Amino acid sequence: MINIIFALDLPNLENDLKRLEDALKDSVTTDDPFLDEVARHLIDAGGKRLRPALAIASSLIGREDGSIDPSNLDEKTLSEFFKSDNDVITGSVAVELVHLASLYHDDVMDEALTRRNVESVNARWGNLVAIVAGDFLLARSAEIAASLGSEIAGLLAASLGRLCGGQVSEVNAAFSTNRTLDTYYRSIAGKTASLMATACHIGALTGGVNRELIPNLVAYGEALGMAFQIRDDILDIAGESKTLGKVAGQDLVEGIYTLPVLLTLENPHFGGELLSMLGKPLDEQDRDKARKLVTSTDAIANSIEIGQSFAKKAASQIEDFNDTLVGRGLTRLAYQLMDDVRELIPAKV
Ligand code: GRG
């Protein structure tokens, strides 16, 4: 499974993510021990911290402006040189809180029992607590974003709107065998890519990156987010429960027909058989039969190829920085996302 610190491989990233961790915990501390426990539940459970890492890396683009040669610096000076500004950490907290809130609400919608390998908030404390605790995280995020100025607060609010729009359109398409590739792409752009693009945007603004570079960083985050969700959707169908840490095929059960399924439906030989199984709830046996049908076609290979084309699109946005540590790190992250999919799915697929 991808390791963000390893993929980005930036001199001070691990330290910056430790600062983020402390700031994240502080951001949800109140004078109510119960609210603290509920609000910290998923923070303490971990998570990849991909969005904060994107913000931190984006804030550093352009820092290697040619006036220094990182290969000549000792480890301590190098770390100091790549240390993020405090506002970048604050902006990353605001972004991660929106992500966390979306997980709280998503788990209520999916009736999920676990998240990040621990009991979900809804499973432990019930739906009402999970919804209001998610709202609390959003409120904290808004307050923190506002402390960074109206531009950042506005960006995060707009991204939250896209997140909700993407999720609503996905719910609206549930069990629809007429879902098109276009509506699928639009939905994942809203529910996943938008916040990754915003993480890059907020990182760049709080890090004082030259504004001319921002459209490229935003496009990088958006394309990376598309690749990320496609990878997730491939793994849900073709991954194995033991490596996924959750039951494979959950999207099919919930009637969420993602890229590999939509591509199989277009297949002249197998599409008809899959179509006859979908459009209604599936029991475990039919879920696995449908997964097998999808993995017996070239839909997984084609989905990986489409994911790779988004990774390539992401990398192309920052190719001017290919001779810097930050540019190479962001490029490596985009490609590794898709490269390790093959290792996570059984060889026969
Ligand atoms: C009120 C904020 C809010 C949202 C309401 C529920 C909802 C609308 C949106 C759900 C959006 C959602 C859960 C999209 C999936 C995004 C995704 C890929 C989640 C998994 O991200 P990872 O793998 O998770 O980065 P970790 O645990 O590593 O942080």
Side-chain angles (χ1 to χ4, degrees), residues 1-5 7-8 17 20-21 24 39 41-55 92-112 114-122 127 130-142 145 156-174 184 186-199 221-222 224-236 239 243-246 250-251 254 256 258-259 307 310 333 336-337 340-341 344:
M1 198 52 95
I2 188 142
N3 177 322
I4 307 297
I5 294 179
L8 282 168
L17 286 174
L20 168 98
E21 219 54 44
L24 202 52
H41 183 68
L42 282 191
I43 295 178
D44 290 342
K48 293 182 285 301
R49 309 293 189 241
L50 170 59
R51 295 148 191 84
L54 286 174
S92 305
V93 168
V95 170
E96 184 70 7
L97 286 173
V98 169
H99 170 55
L100 274 164
S102 79
L103 300 182
Y104 276 46
H105 286 191
D106 193 48
D107 287 344
V108 170
M109 294 171 77
D110 292 351
E111 300 176 26
T114 58
R115 169 71 72 176
R116 294 179 168 170
N117 292 319
V118 298
E119 211 177 354
S120 63
V121 176
N122 47 300
N127 285 348
I131 291 169
V132 183
D135 292 342
F136 170 72
L137 298 175
L138 278 185
R140 277 291 195 241
S141 169
L156 206 53
S159 192
L160 175 56
R162 283 189 66 197
L163 212 90
C164 293
Q167 182 76 354
V168 165
S169 68
E170 183 172 283
V171 170
N172 190 38
Y184 164 77
R186 271 195 274 159
S187 175
I188 67 167
K191 76 168 193 169
T192 303
S194 151
L195 195 56
M196 300 210 187
T198 301
E222 186 88 22
L224 181 105
M226 297 297 284
F228 186 84
Q229 188 59 55
I230 288 170
R231 162 200 158 94
D232 223 49
D233 293 341
I234 292 169
L235 290 176
D236 185 76
T243 39
L244 290 180
K246 60 175 185 177
Q250 198 51 32
D251 290 338
E254 288 164 16
I256 307 302
T258 59
L259 184 59
F310 279 109
L333 173 65
Q336 274 190 16
L337 271 184
D340 82 342
V341 166
L344 291 168

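Atoms within each ligand, like the ligands themselves, are counted from 1 in listed order. Since this is a predicted model, take the numbers as computed values, not measurements. Throughout, residue positions are numbered sequentially from 1 according to the sequence presented.
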Name each N or O atom in ligand 1 that is under 3.5 Å from a protein N or O, and give the partner atom and the distance.
| unit_1 | atom_1 | unit_2 | atom_2 | d |
| --- | --- | --- | --- | --- |
| ligand 1 | 21 (O) | R51 | NH2 | 3.2 |
| ligand 1 | 23 (O) | K48 | NZ | 2.6 |
| ligand 1 | 25 (O) | R51 | NH1 | 2.8 |
| ligand 1 | 25 (O) | R51 | NH2 | 3.4 |
| ligand 1 | 27 (O) | R116 | NE | 2.8 |
| ligand 1 | 27 (O) | R116 | NH2 | 3.3 |
| ligand 1 | 28 (O) | K48 | N | 2.9 |
| ligand 1 | 28 (O) | K48 | NZ | 2.8 |
| ligand 1 | 29 (O) | H99 | NE2 | 2.8 |
| ligand 1 | 29 (O) | R116 | NH2 | 2.7 |

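Judged purely by atom type and a 3.5 angstrom limit, N127 has no side-chain atom pairing as donor or acceptor with the backbone of V108.
A donor atom on one side chain and an acceptor atom on the other are not found under 3.5 Å apart for T114 and S120. Using a 3.5 Å distance cut-off with no hydrogens or angles, the side chains of N122 and Y104 do not pair a donor with an acceptor.
Taking the salt bridge (Lys or Arg N to Asp or Glu O under 4.0 Å) definition, one finds that D232 meets it with nothing, sequence neighbours left out. Residues meeting the salt bridge (Lys or Arg N to Asp or Glu O under 4.0 Å) test with D135, sequence neighbours left out: none. Partners of E111 under the side chain to side chain donor-acceptor pair (under 3.5 Å) rule, at least two apart in sequence or in another chain, do not exist in this structure.
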